[in-house]
Amino acid sequence: MNKGLEDIVVAQTKLSRVDGDNGTLIFCGYDIRELARFATFEDAAYLLWHNELPTRAQLTALKQQLADARGLPDVVLRVLRDLPRDTAPMDALRTGVSALGAGSQLARPNLAQAIALTAQVPLIVAAFDRMRRGREPLAPRADLDHAANYLYLLSGTAPTSTQNRALNTYLVLLADHGLNASTFAARVVASTLSDLHSSIVAAIGALKGPLHGGAPSRVLDMLDAIGAPANAETWIRAALARKERLMGFGHRMYKTADPRAEILRELACATCAPEFFARAQMVEETGLRILRAQKPGERLYTNVEFYSAAVLNAVGLPRDLFTATFAVSRMAGWTAHVLEQVADNRIIRPDAEYVGRAPSSVISLDNQ
Ligand code: COA
């Protein structure tokens, strides 16, 4: 029995390769460090959907397709408006995607649907965010790219080029990551020949958990609770003594530094207030020192969520939208995996070892 399916290979993919021993991540043959430097979210999405980087004309066409798909049916807006204002954004996103999928009638997932849904997910997040604040959703702007339009829809102001670049880098870095829990969930649903929206709803549900995508807002909560860097040691020792997990530390795959975390650390250094970055660094160093002393066999590092929190905070996103913003990025990977699954499908159906009670006879209630 292999609890948590660690090291079990259940699919072949051309989309991404996580090498946790050497700290590398590749999307369709390209190193994530290079993609983070040169690619926009649209480049990365095109790469994952087509297995090659776009030409200039192909990129222009994709941007147009994404811009054309920026719209939400009234029924989705009505459903979002009716949600209680204190609904968690990931629950609103899951509900919005589900409402969008009403009527999809088991259509075989295709690229046009993947592009449309990727364009619509930021609209759902932003519409819900504005409505819960008593404001009306804004009309999307076709002149802005995916990242800038998302920030505009949330705030009503087009982002600065620094904010846009930072969010683009984040969206590229998080766009895919092998067979993580949410991607696996999407592929399991797709493997039953269900529809794209159902697969994405499952993925959103999996991403929401704190052991997967729900960690970054908790990283900020931790940094706030620690306050001054001098408090880090005491706070972390007390949290670990209570058997709590340190958010933003540890990873199933990476047994060395996660390349995405390193890029995000540099980005955080360039975009965050110096005091905030110094505090984050102190917490990182202290947390790693203590964890490595307490778990010498574990090879623990900070993960992608640790500095994601700092970067998303710096571009002005409210912390309870961090996981939904992760979903905005991962839409490219999730949809690409669904298309890959259905192109060469076999239903995913693992087995379980039965450890329940031994066979016995049913005694009818009448005979008791
Ligand atoms: N804080 C404290 N201890 C941690 C830890 C953390 N963040 N991450 C791992 N460990 C410890 C565990 O306690 C465990 O030790 P034990 O066997 O003595 O209890 C050991 O390291 C291995 O952890 P395990 O939970 O088996 O690893 P995993 O591969 O199943 O889980 C994570 C990976 C990401 C779920 C885990 O590291 C975690 O919970 N991290 C915090 C949440 C987080 O940052 N999530 C975002 C992920 S990108």
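In listed order, ligands and their atoms are each counted from 1.
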Which atoms of ligand 1 are found less than 4.0 Å from any heavy atom of [X]?
{"X": "Leu291", "answer": "2 (C), 3 (N)"}
{"X": "Met247", "answer": "42 (C), 44 (O)"}
{"X": "Ala215", "answer": "43 (C), 44 (O), 45 (N), 46 (C)"}
{"X": "Pro210", "answer": "42 (C), 43 (C), 45 (N)"}

Which residue and atom name correspond to the protein heavy atom nearest [atom], and how close is it?
{"atom": "atom 20 (C) of ligand 1", "result": "Glu298 CD, 3.4 Å"}
{"atom": "atom 34 (C) of ligand 1", "result": "Gly250 O, 3.6 Å"}
{"atom": "atom 40 (N) of ligand 1", "result": "Phe249 O, 2.9 Å"}
{"atom": "atom 46 (C) of ligand 1", "result": "His212 O, 3.3 Å"}
{"atom": "atom 19 (O) of ligand 1", "result": "Lys295 NZ, 3.7 Å"}
{"atom": "atom 10 (N) of ligand 1", "result": "Leu300 CD1, 4.1 Å"}
{"atom": "atom 5 (C) of ligand 1", "result": "Arg245 CD, 3.7 Å"}

> Between His177 and Phe27, does the ring centroid distance fall short of 6.0 Å?
Replying inline: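 For His177 and Phe27, the ring centres are not under 6.0 Å apart.
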> Centres of the Phe249 and Phe306 rings: under 6.0 Å?
Replying inline: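 Yes, the ring of Phe249 comes within the 6.0 Å limit of the ring of Phe306, centre to centre.
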Would you check the N or O atoms of [X], main chain and side chain alike, for any that come under 3.5 Å of an N or O of ligand 1?
{"X": "Arg252", "answer": "yes"}
{"X": "Leu246", "answer": "yes"}
{"X": "Glu305", "answer": "no"}
{"X": "Gly248", "answer": "yes"}
{"X": "Leu240", "answer": "no"}

>> At under 4.0 Å between heavy atoms, is it the side chain or the backbone of Glu6 that contacts ligand 1, or both, or neither?
In response: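 Looking at Glu6 and ligand 1, no heavy atom falls under 4.0 Å.
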> Just heavy atoms, cut-off under 4.0 Å: does Leu211 contact ligand 1 by side chain, backbone, both, or neither?
Replying inline: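 Contact part for Leu211 vs ligand 1: both backbone and side chain.
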>> Test salt bridge (charged side-chain N to carboxylate O under 4.0 Å, His left out) on Arg108 and Asp195; report intermediate values, then the result.
In response: CA-CA 6 Å; Arg108 183 186 164 95; Asp195 58 280; over 6 Å; no
>> One pair to check against salt bridge (charged side-chain N to carboxylate O under 4.0 Å, His left out): Arg289 and Glu285. What are the steps and the verdict?
In response: CA-CA 6 Å; Arg289 175 166 48 76; Glu285 282 164 23; over 6 Å; no
Take atom [atom1] in [X]; do more than 12 heavy atoms of anything else shown fall under 6.0 Å from it?
{"X": "Ile363", "atom1": "CD1", "answer": "no"}
{"X": "Lys14", "atom1": "NZ", "answer": "no"}
{"X": "Arg292", "atom1": "CZ", "answer": "yes"}
{"X": "Gln12", "atom1": "CD", "answer": "no"}

>> Is a donor from one side chain sitting under 3.5 angstrom from an acceptor on the other, for Ser191 and Gln341?
In response: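 No donor-acceptor contact under 3.5 Å links the two side chains.
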>> I'd like to know if Arg319 pairs up with Asp224 as an ion pair, taking the criterion as any Lys NZ or Arg NE/NH1/NH2 lying under 4.0 Å from an Asp or Glu carboxylate oxygen.
In response: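 Yes, this pair counts.
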>> Assess whether a salt bridge exists between Arg265 and Asp258, defined as any Lys/Arg side-chain N lying under 4.0 Å from an Asp/Glu carboxylate O.
In response: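 Result for this pair is no, no salt bridge flagged.
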> Could any protein non-hydrogen atom be found less than 4.0 Å from atom 26 (O) of ligand 1?
Replying inline: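 Answer no: nothing from the protein, no heavy atom, is under 4.0 Å.
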>> Using the rule given for salt bridge (charged side-chain N to carboxylate O under 4.0 Å, His left out), can you reason through Glu136 versus Arg81, listing the C-alpha separation, both sets of side-chain angles and the distance that settles it, and then say yes or no?
In response: CA-CA 10 Å; Glu136 280 306 300; Arg81 207 182 289 280; 3.1 Å; yes
